[in-house]
Amino acid sequence: MPVLASHRKPRAKVRTASPAVGLTTAALASVTLLSPQSATAAPAEPKPAIEEVRKKVDALYRQAGAATQEYNRAKAASASQQTKVDALLSDVAKRTEKINEARRALGSYAAAQYRSGGITPTATFFLADDPQGYFDQSRLMDLATERQQRAVSEFRTQQAAAAKKRAEAVKSLETLTGTQATLASSKKDVQTKLTEARGLLSRLTAEEKARLAELEREKEAEAKEKAAKLAARQAAEAKERAAAEEKAREEAADDSGGTGSGSGTDTGPGTGTGTGTGTGTGSGYAAKAEEVLAFARAQIGKPYVWGASGPSSYDCSGLTQAAWRAAGVTLPRTTWDQVEVGTRVATSDLLPGDLVFFYDDISHVGVYKGDGMMIHAPKPGANVREESIYSMPIHGSVRPA
């Protein structure tokens, strides 16, 4: 039987390489197409201009300064509150001891009554050896009863007083806890601001740091120029005052005549002192200011450390407080409290020793030394130094004493 030919079509050979090549090509194409998109999807942020960095760093230092004052206030309040709490707890302990003494007295009376068996006065009368003995004993019992009543009264008084003091101590402890929380928060805030400022500065290139230093020199030169103008203006005004006082003395001498010229001379200085009440009052003030400035000058070169008040380092208000303490004047710890002490004075009327405050938030202070210059503890990373009062925006000035 003849073999029948197969009607099946031969299978076409399947090529596997082509799809793989196609997929690879497609993948490469997609990568090629997507790569530019990926590169432009998240472009690197441009570096801020050096002027912007300076402004931001200055703002961070100023915010750290304000947080430092908050820290100083909380620290002073915490110390004061701790003293109050300690005194209250000591008082509570003493009153508790008095309560215990009163309790022991009551216990002895109760024991004595128990031992007597609580016999009624009538029974005691009939059981007494003689009536006179009864009456003597009765008077003693009355006295004992009075002592018991006083003991009970004393116990209740001490108990009430101790409860009151204990409540005060609890309240003071709560206040202390809140103050210490503020202290910790302020400390963290200062450290955060300073870390951010240091981070900005550390990322600057050598060229950028040089440019930043140049900007600082320009700012310093501008501030010194303003200080020189203030010094010249103050010198001219002082010269005019001296001339006016001299003229007043001469006129007084002419009016008093030859005989009374001595009297006129006496009157002249008196008038001069009256006209320059600031001069008369200021002579005492000037003596204190010399002590203040002598102390402040001795601190030049010591580092600024936030929260420090000497003797090896200072923050701004710590320096001014220590300087005026050297002259026998006690100032509060913070700039916010120091600005409320003494008499407000205009910038044009500043005298050596006056305190000059800066920024709207009053977060910085320096001691005026004359000629538009001050001594202050500037900021972290800097030392106590002399600088123009125009290096920062002036808020106002006070004469502490």
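This structure is a prediction, so every number in the text was calculated from the model and none was measured.
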Polar side-chain atom of K239 near backbone of Q234 as donor-acceptor pair, under 3.5 Å: no
D371, CG: over 12 other non-hydrogen atoms inside 6.0 angstrom: no
Heavy-atom check, side chain of E386 versus side chain of M374, under 4.5 Å: no
Pair Q191-K188, side-chain donor/acceptor within less than 3.5 Å: no
Student check: side-chain heavy atoms of Y304 and T68 closer than 4.5 Å: yes
Side chains of F358 and R62 in contact at under 4.5 Å (non-hydrogen atoms): no
Side-chain touch Y390/L230, heavy atoms, less than 4.5 angstrom: yes
Contact check, side chains of V356 and V365, non-hydrogen atoms, under 4.5 Å: no
Side-chain H-bond candidate by donor/acceptor type, T320 with Q338, under 3.5 Å: yes
Presence of salt bridge, E51 and R211, under 4.0 angstrom: yes
Worked check of side-chain contact (heavy atoms from CB on, under 4.5 Å) between D315 and Y71: CA-CA 12 Å; D315 63 18; Y71 172 86; over 6 Å; no
Minimum side-chain heavy-atom gap S397-F357 below 4.5 Å: no
Note: R249-E246 ion pair, threshold 4.0 Å (strictly below): yes
Approximate separation, where rounding is to 0.5 Å, of L200 CG and L212 CG: 11.0 Å
T83 side chain to A79 backbone, donor-acceptor under 3.5 Å: yes
Heavy-atom pair with the smallest gap, counting every atom of Y368 and M373: CD1-O, 3.2 Å
Nearest atoms (heavy-atom pairs only) where K302 meets A298: CE-O, 4.3 Å
Any R325 side-chain heavy atom under 4.5 Å of L331 side chain: no
Under 3.5 Å: donor-acceptor pair, side chain of E70, backbone of S186: no
Test item: side-chain donor near acceptor, S309 and R333, under 3.5 Å: no
Contact summary for A66 and D361, nearest pair of heavy atoms: CB-OD2, 3.8 Å
Straight-line distance of M392 CE to H364 NE2, nearest 0.5 Å: 4.0 Å
Taking every non-hydrogen atom, the tightest pair across A327 and E291: CA-OE1, 3.8 Å
Salt bridge present between E52 and K56 (N-O < 4.0 angstrom): no
Between CG on residue D58 and NZ on residue K55, distance to nearest 0.5 Å: 10.0 Å
Whether D354 side chain and L351 backbone form a donor-acceptor pair below 3.5 Å: yes
Inter-residue atom distance L319.CG - I300.CD1, 0.5 Å rounding: 9.5 Å
Atom CD of E218: over 12 foreign heavy atoms under 6.0 Å: yes
Parallel, tilted or perpendicular, as decided by the 30° and 60° cut-offs, for the rings of W324 and Y285: tilted
Atom NZ of K187: over 12 foreign heavy atoms under 6.0 Å: no
Step-by-step side-chain contact (heavy atoms from CB on, under 4.5 Å) determination, I50 to L204: CA-CA 9 Å; I50 194 64; L204 295 178; 3.7 Å; yes
P352 and K369, any side-chain heavy atoms less than 4.5 Å apart: no
Main-chain N/O of T205 paired with E208 side-chain donor or acceptor, under 3.5 Å: yes
Evaluation steps, side-chain contact (heavy atoms from CB on, under 4.5 Å), between L60 and L194: CA-CA 7 Å; L60 286 167; L194 294 181; over 6 Å; no
Spatial distance of atom CD1 (I362) from atom OG (S317) [nearest 0.5 Å]: 12.5 Å
Considering all heavy atoms, the nearest R344-V339 contact: NE-O, 3.4 Å
CA sep, side-chain torsions, deciding dist, call: Q69, W336, side-chain contact (heavy atoms from CB on, under 4.5 Å): CA-CA 8 Å; Q69 296 307 313; W336 303 323; 3.6 Å; yes
From CG (D337) to OG1 (T334), nearest 0.5 Å: 3.5 Å
Smallest separation among heavy atoms of A74 and T182, with atom names: CB-CG2, 4.1 Å
